[in-house]
J.: 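This is the structure I have questions about; it appears just below.
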There are 2 protein chains.
Amino acid sequence: MARMARRPTLHDVASHAGVSIKTVSRVVNHEASVSEEVRTRVAASIAELHYVPNSFARSLKSGGGDTIGVVMDSIADPFFAELMSAVEARALDAGMTVIFGSTGSDPERERQQVERMAMQRVRALILAPVTGDHSYLERFRATLPIVMVDRQVEIGGYDIVAVDDRGLTRQAVDHLTERGHRRIAFVGNDVHFPTTAHRLLGYRDALAAVDVEPDPSWFPEGSGDEDEAFDVVTRLLAAPEPPTAVFAANPRAAMGAVHALHVAGRTDVAMISFGDFPMATTLTPAITCVNQDPHGIGVAATERVIAHLDAREHDRPDEHPLEIIVDTELVARGSGELEPA
Amino acid sequence: MARMARRPTLHDVASHAGVSIKTVSRVVNHEASVSEEVRTRVAASIAELHYVPNSFARSLKSGGGDTIGVVMDSIADPFFAELMSAVEARALDAGMTVIFGSTGSDPERERQQVERMAMQRVRALILAPVTGDHSYLERFRATLPIVMVDRQVEIGGYDIVAVDDRGLTRQAVDHLTERGHRRIAFVGNDVHFPTTAHRLLGYRDALAAVDVEPDPSWFPEGSGDEDEAFDVVTRLLAAPEPPTAVFAANPRAAMGAVHALHVAGRTDVAMISFGDFPMATTLTPAITCVNQDPHGIGVAATERVIAHLDAREHDRPDEHPLEIIVDTELVARGSGELEPA
DNA sequence: GGACTTTCTGACAACGTTGTCACCACCTGC
DNA sequence: GCAGGTGGTGACAACGTTGTCAGAAAGTCC
């Protein structure tokens, strides 16, 4: 291959075709009022020179692109991958494109990613916030609609699309206590996310309702990832009074926990996961879960973004911040219906 | 919330601070030779006005951004999600950012996405090509390094990072025939991707080596997705002479196939998956697979891209197209070691 | 034949930024 | 006193595109 060449511009095409740049611009944008003869001549030059419009120049001129920014923990997390996929599909319908950035659950990197998106002049931002100070967002607020997903942020006043963490967890753990479970572990007690704290509250609510004071060893703090959940469950199973049921606070933790149960041959231990995961239905027993509906959250968040942009477009006053709770339900599949030995 | 305001520019900051735009630009870019007094005054104005640099203008001026484009089937596919994640991490190290676009396995949409990336002036492109005519890529070739991942394209001369589809499949199916299997199904026979055709060849190679002529009903053509694989396996198990082993040509098909085996209570049927998937080790039996190493492919592709850009940077002649075969291995976990009944 | 439209085309400014150059004020050394 | 720095600052052009306006050429109407 030869050295990479400079990209041709409207000027290059114009002089090649013997017309003005404006005429080339008209042809590129399929504007009327270009004679057929000129149009074909210009089209030929475009093809010959491999001209491709420069969207930086376009966006600069038109004062912004048609892009929605999405910032979240990691694209490799199935929950976010599906959420992202839903956002992309819905945005595409609306003629917009999507860029994403991952935070790796690091507040500093979250800030960098948001900053980058602001520089890229995204029209709106969808953000799954990491725990930490979000006052930096205030700077962007006036010019950039921001919709939180999955998690609240300590400062109010932002749109948020999420599920009812506390209530759903309460419901899930009730599901276990109703079947007689009293020693119930809470794995995936991740300190990075406010969500986890809400889920932990729901867990406490449910236990309090049956007069159980949970032992601190049942919900050790940690990173909330797969390996940690595996270790936690393995350790708990070896304890003198092991839990008879496990609640996993997120799908990654659930996968680790389930693996631990299978490795230990203790599939008699009841199990409910907050958030579905691949193969959950195939396992024996199939895993009961709170379906967190990433697709639904993604779609709702994108709708919300579009509402904001529409309001702005038509010079209507901006939408008030809204708290959208996506409906989800407990999917009983077997593992959550096991009774204590 | 009030109506969205116009974004402040260097001009706004400059007049607010009573200096020239150039001085503001210097402060923003941390250039030396600005007096401490002016620097703090400008910084205050920047903070007060919530100034954020416009990267369109920057990129326009500097003639291109620092972005790598990635185009692939779907970000919701775990294989691509992990590949993407690896690319993003490696690119971030190199000070570049990543944008992605999904094709939905549609050749037309692939073209649109590539076109969009070219307009966005990505520095390089990583593409998982869909089956179809790729002559349109020629236009971009001269100005844009393109690295294919996972799949070849019918036209040669592009860099490609992939695994040895035919050889690995041969090896996997050999693994089954060595244990006495003769009736082996090939599910996920997807017509969209050239990869599948190569894997099918490896399958035929292995069977031919033990003098078996595969029955066409063992490898029905289809979409290659999870539901279809489920149906295919369910149907095959009900046949008068059902297969004693199943080879799944991709992870999605594997998940469907495994589910079908579990639902039918036929976990005695041997199974090997091309590509790992979540929970594969947790299932009973654990699923033997060819580890397709999306992370390794992503890293290798990004390295390749960086090599191209480096060459260009230093005015060296461009790298020759390379075919990089990422090493992978068969991971025996149990399901692939089952013997026929 | 003149006034008027209609159809096509081009010159030019602007979008927000940075690179180049020039300038001013102040210093240093003779 | 003057030549020659040097540190701080600003004017201006340019990046590639599109919007605005103006003008040329040709047709239409009285």
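Every chain is numbered from 1, with letters handed out A, B, ... down the list of sequences.
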J.: The side chain of A/S35 is closest to which nucleotide in this list: D/dT17, C/dT9, D/dA11?
T.: C/dT9
J.: In whole angstrom, what separates B/R121's CZ from D/dC15's P?
T.: 14 Å
J.: If we ignore angles and hydrogens, is there a donor and acceptor under 3.5 Å between the side chains of A/Q113 and A/T103?
T.: no
J.: Please report, rounded to the nearest Å, how far the P atom of C/dC15 is from the CE atom of A/M119.
T.: 21 Å
J.: Between the base of C/dG19 and the side chain of B/R26, is there any donor-acceptor pair under 3.5 Å?
T.: no
J.: Are side-chain N/O atoms of B/H50 and A/E138 paired as donor and acceptor at under 3.5 Å?
T.: no
J.: For the residue pair B/R139 and A/Y51, would you count it as a cation-pi contact if the rule is NZ or CZ under 6.0 angstrom from the ring centre and within 45 degrees of the ring axis?
T.: no
J.: Go through the steps for B/I126 and B/V87 under the test side-chain contact (heavy atoms from CB on, under 4.5 Å), then give the verdict.
T.: CA-CA 9 Å; B/I126 294 177; B/V87 171; 4.1 Å; yes
J.: Considering only heavy atoms from C-beta outward, does the side chain of A/V19 approach that of A/V38 to under 4.5 Å?
T.: yes
J.: If you find the nucleotide of DNA chain D closest to A/K22 and the one closest to A/T9, which residue's nucleotide is nearer the 5' end?
T.: A/T9
J.: From CD1 of B/I21 over to P of C/dG19, roughly how many Å is that when rounded to an integer?
T.: 13 Å
J.: Please figure out whether B/E36 or B/G63 has its closest DNA chain D nucleotide nearer the 5' end.
T.: B/E36
J.: Please state how far atom CZ in B/R6 lies from atom C1' in C/dG16, giving the value in whole angstrom units.
T.: 10 Å
J.: Does a side-chain N or O of B/S25 approach OP1 or OP2 of C/dT18 to a distance below 4.0 Å, or not?
T.: yes
J.: Rounded off to whole Å, could you give me the CG-to-P distance for the A/L60 and D/dG19 pair?
T.: 13 Å
J.: Looking only at side chains, do A/T143 and B/R7 share a donor and an acceptor under 3.5 Å apart?
T.: yes
J.: Counting side-chain heavy atoms from CB outward, which of D/dT18, C/dG19, C/dT9 is closest to A/R58?
T.: D/dT18
J.: In whole angstrom, give the distance that lies between atom CG of A/N29 and atom C1' of C/dT9.
T.: 16 Å
J.: Looking across every strand, which nucleic acid part, if any, lies under 4.0 Å from B/S33 by heavy atom: base, sugar-phosphate, or nothing?
T.: base
J.: What's the CG-C1' distance between B/N54 and D/dG16, to the nearest Å?
T.: 14 Å
J.: For DNA chain C, determine which residues of residues 43-53 of chain A have any heavy atom closer than 4.0 angstrom to one of its atoms, and list them numerically.
T.: none
J.: Atom NE2 of B/H11 to atom P of C/dT18: distance rounded to whole Å?
T.: 12 Å
J.: Under 4.0 Å between a side-chain nitrogen and a carboxylate oxygen: does that hold for B/R58 and B/D66?
T.: no
J.: Looking at D/dG19, does its base get a donor-acceptor pair with the side chain of A/K61 below 3.5 Å?
T.: no
